[in-house]
Asks: 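Structure provided below as structure tokens; questions to follow.
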Amino acid sequence: MAESDLSLNEVPFAATPDGWIDGVLTQFNLFLSDHASCEKKASGMAMNVAAHYPDQPRLLEAMVDLAVEELNHYREVMRLLIKRGVVPGPDEKDLYVNELNRCVRRGTENFLLDRLLVGAVVERRGAERFGLIANALTDPELKKFYQAITASEARHWTLFVELAKSHCEGMDVHGRLHELSLIEGEIMLAQPFRPALH
């Protein structure tokens with residue numbers, strides 16, 4: 001195991017309470033609508049980072065690729081909704097993400113580090129929760145879809161950490177990731193159960 005992998009495995013993580021998956025499965029169409037919204041917002045976030053750092057080629061390329069991938073996920077979830085005859089509801093405010101975004105510090109260096117690491121902890125939570133859904137689903141097609149989404153989110157969270165390491169040299173990336181992970185766990189546990197990703 002590489003040193004970076006070992007470090008990431010040691011980052012704190014609060015598990016989602018058992019009751020969350022029950023609410024998702026009993027109102028799965030509502031969850032799908034929220035999932036679509038989250039993918040659209042994730043694509044927009046990646047494009048926003050790309051627009052702010054056009055002079056950072058590796059970061060720019062990674063964010064453009066991520067934006068396209070998230071938009072492809074949005075398309076796939078929309079196809080599931082259409083197939084089920086579900087009309088997606090309007091986007092709702094994501095209190096979980098809003099609370100995390102309040103942790104992003106101002107100032108050129110701190111802002112980029114925190115933006116990337118908030119992206120990491122959000123994607124890590126997505127990987128966990130999509131994995132819970134994949135394990136709980138009985139429909140083979142949906143199970144396969146959510147297994148793929150789980151793997152994708154896992155790649156994304158480590159990508160954000162690696163980008164933070166390469167673009168924020170000299171800063172305590174793992175210390176800040178540890179801190180934000182603890183904050184994320186508190187924010188997650190404070191959210192009411194609902195058929196939504198966050």
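Computed from a predicted structure; not experimentally measured.
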Asks: Linking directly or through intermediates, with side-chain heavy atoms under 4.5 Å: list the remaining ILVMFWY members grouped with Ile82, chain and number order.
Replies: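 Cluster partners of Ile82: none, it stands alone.
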
Asks: Any chance you could lay out the side chain to side chain contact (heavy atoms under 4.5 Å, CB included) test for Ile183 and Glu99, step after step, and finish with the verdict?
Replies: CA-CA 9 Å; Ile183 294 170; Glu99 286 291 322; over 6 Å; no

Asks: Please check: side-chain N/O of Ser152 versus main-chain N/O of Ala148, any donor-acceptor pairing under 3.5 Å?
Replies: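 No: the side chain of Ser152 does not pair with the backbone of Ala148.
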
Asks: Return the CZ to CD1 distance between Phe31 and Ile133, rounded to the nearest 0.5 Å.
Replies: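 That separation rounds to 3.0 Å.
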
Asks: Listed by chain and number, what are the side chain to side chain donor-acceptor pair (under 3.5 Å) partners of Arg176, not counting sequence neighbours?
Replies: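 Result, side chain to side chain donor-acceptor pair (under 3.5 Å) vs Arg176: Asp114, Glu179.
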
Asks: Applying salt bridge (Lys or Arg N to Asp or Glu O under 4.0 Å), which residue pairs with at least one partner in residues 117-130 are found, sequence neighbours left out?
Replies: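 Listed by first then second residue: Arg125-Glu128, Arg125-Glu184.
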
Asks: Tell me, which pairs form a ring-ring contact (aromatic ring centres under 6.0 Å, His included) where one or both residues lie in residues 117-146, sequence neighbours left out?
Replies: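 Listed by first then second residue: His35-Phe130, His35-Tyr146, Phe130-Tyr146.
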
Asks: So does Ala196 get a backbone contact from the side chain of Trp20, meaning a donor-acceptor N/O pair under 3.5 Å?
Replies: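 Yes, because the side chain of Trp20 sits within donor-acceptor range (under 3.5 Å) of the backbone of Ala196.
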
Asks: Where the side chain of Asn48 meets the backbone of Gly44, is there a donor-acceptor pair that is under 3.5 Å apart?
Replies: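 The answer is no, because no donor-acceptor pair under 3.5 Å joins these two groups.
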
Asks: Can you tell me how far apart CE (Met63) and CG (Leu116) are? Round to the nearest 0.5 Å.
Replies: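 Going from the CE atom of Met63 to the CG atom of Leu116 covers 6.5 Å.
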
Asks: What distance separates Leu66 CG from His156 NE2, expressed to the nearest 0.5 Å?
Replies: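 Result: 5.0 Å between the selected atoms.
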
Asks: Considering only residues two or more places apart or on different chains, which pairs with a residue in residues 30-58 satisfy salt bridge (Lys or Arg N to Asp or Glu O under 4.0 Å)?
Replies: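 Non-adjacent pairs meeting salt bridge (Lys or Arg N to Asp or Glu O under 4.0 Å): Lys40-Asp91.
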
Asks: For Val118, what residues pass the side chain to side chain contact (heavy atoms under 4.5 Å, CB included) criterion, not counting sequence neighbours?
Replies: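 For Val118 the side chain to side chain contact (heavy atoms under 4.5 Å, CB included) partners, ignoring immediate neighbours, are Leu100, Asn101, Val104, Val122, Leu180.
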
